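Counting begins at 1 with the first residue of the sequence. Keep in mind it's a predicted model, so treat the numbers as computed, not measured.
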Amino acid sequence: MLESNDHAELSASLNGETAKLHWQELQPHYARGVVIRVAGNLDLVEVALRLTLDDKPAFESWLRTGAVSRIDVEQAQAWAMRDAQLWAVVVAPWILVQEKRIVSDLN
């Protein structure tokens, strides 16, 4: 079990590794079957942390409810049609992606 300090460091590291990517950049990885969708109501970094820690109960719950899932063809096509911008983080071999409304810097 990770100490609280280690947990915070790992979380900070994962947070620093998140990036906004266009679906076009993710398509080759989707074709390999390694892109996983994370629902917008979940914290992407927390899901990545739980995957890193092999937290099976959390993942089983998310999979059961559909909050974490493989991307179906319809979703992939919709993202491709508009070249959606997604938040992504790599937890090898997986790439976790999340569609969130990305607010521009203009106020």
Side-chain angles (χ1 to χ4, degrees):
M1 193 73 166
L2 284 179
E3 296 292 326
S4 177
N5 213 21
D6 294 336
H7 186 277
E9 286 179 24
L10 181 55
S11 182
S13 175
L14 288 166
N15 189 51
E17 294 173 13
T18 62
K20 290 183 245 180
L21 298 174
H22 287 273
W23 179 246
Q24 180 180 0
E25 298 169 275
L26 293 162
Q27 281 182 314
H29 305 288
Y30 166 73
R32 288 188 5 248
V34 298
V35 181
I36 304 295
R37 183 196 62 83
V38 175
N41 63 328
L42 294 178
D43 182 318
L44 180 64
V45 172
E46 182 64 24
V47 173
L49 178 65
R50 295 288 142 210
L51 181 58
T52 301
L53 297 174
D54 197 27
D55 185 344
K56 289 179 184 175
F59 263 83
E60 287 172 356
S61 173
W62 291 329
L63 289 168
R64 196 171 33 258
T65 64
V68 172
S69 64
R70 291 197 180 260
I71 298 161
D72 61 32
V73 173
E74 292 80 18
Q75 181 65 73
Q77 289 173 341
W79 283 343
M81 285 180 63
R82 60 185 168 89
D83 194 21
Q85 193 174 33
L86 306 164
W87 283 104
V89 63
V90 174
V91 180
W94 308 107
I95 301 173
L96 304 179
V97 298
Q98 185 175 55
E99 185 172 28
K100 282 197 172 182
R101 187 169 163 219
I102 299 172
V103 180
S104 72
D105 293 334
L106 301 175
N107 291 325

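- Side-chain atoms of Leu14 and Thr18, non-hydrogen and from C-beta on, never get closer than 4.5 Å to each other.
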Does the pair Phe59 and Val47 meet the rule for a side chain to side chain contact (heavy atoms under 4.5 Å, CB included), with working shown? CA-CA 8 Å; Phe59 263 83; Val47 173; 3.7 Å; yes

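- With values rounded to the nearest 0.5 angstrom, Gln98 atom CD is found 9.0 Å from Arg37 atom CZ.
- For the pair Trp79/Val97, a side-chain contact is recorded, criterion being any heavy-atom separation below 4.5 Å from C-beta on.
- A 6.0 Å sphere centred on CD of Glu17 holds more than 12 heavy atoms belonging to other residues, nucleotides or ligands.
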Check step by step if side chain to side chain contact (heavy atoms under 4.5 Å, CB included) holds for Val89 and Leu44. CA-CA 8 Å; Val89 63; Leu44 180 64; 4.0 Å; yes

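- Here the side chains of Leu53 and Leu10 are in contact, with some heavy-atom distance below 4.5 Å.
- Under the 4.5 Å side-chain contact rule for hydrophobic residues, Val73 and Ile71 share a cluster.
- Interatomic distance, Trp62 CH2 to Ile36 CD1, rounded to the nearest 0.5 Å: 13.0 Å.
- The heavy-atom pair separating Glu99 from Ala84 by the smallest distance is OE2-CB, 4.1 Å.
- Remark: Trp23 CH2 to Gln75 CD distance equals 8.0 Å, nearest 0.5 Å.
- A salt bridge links Arg50 with Glu46: the distance from a Lys NZ or Arg NE/NH1/NH2 to an Asp or Glu carboxylate oxygen falls below 4.0 Å.
- For the pair Leu49/His7, a side-chain contact is recorded, criterion being any heavy-atom separation below 4.5 Å from C-beta on.
- Note: His22 NE2 to Leu86 CG = 9.5 Å, rounded to the nearest 0.5 Å.
- Rounding to the nearest 0.5 Å gives a distance of 7.0 Å between CZ of Arg64 and CD of Glu60.
- Once rounded to the nearest 0.5 Å, the distance linking OG1 of Thr65 with CG of Leu42 reads 7.5 Å.
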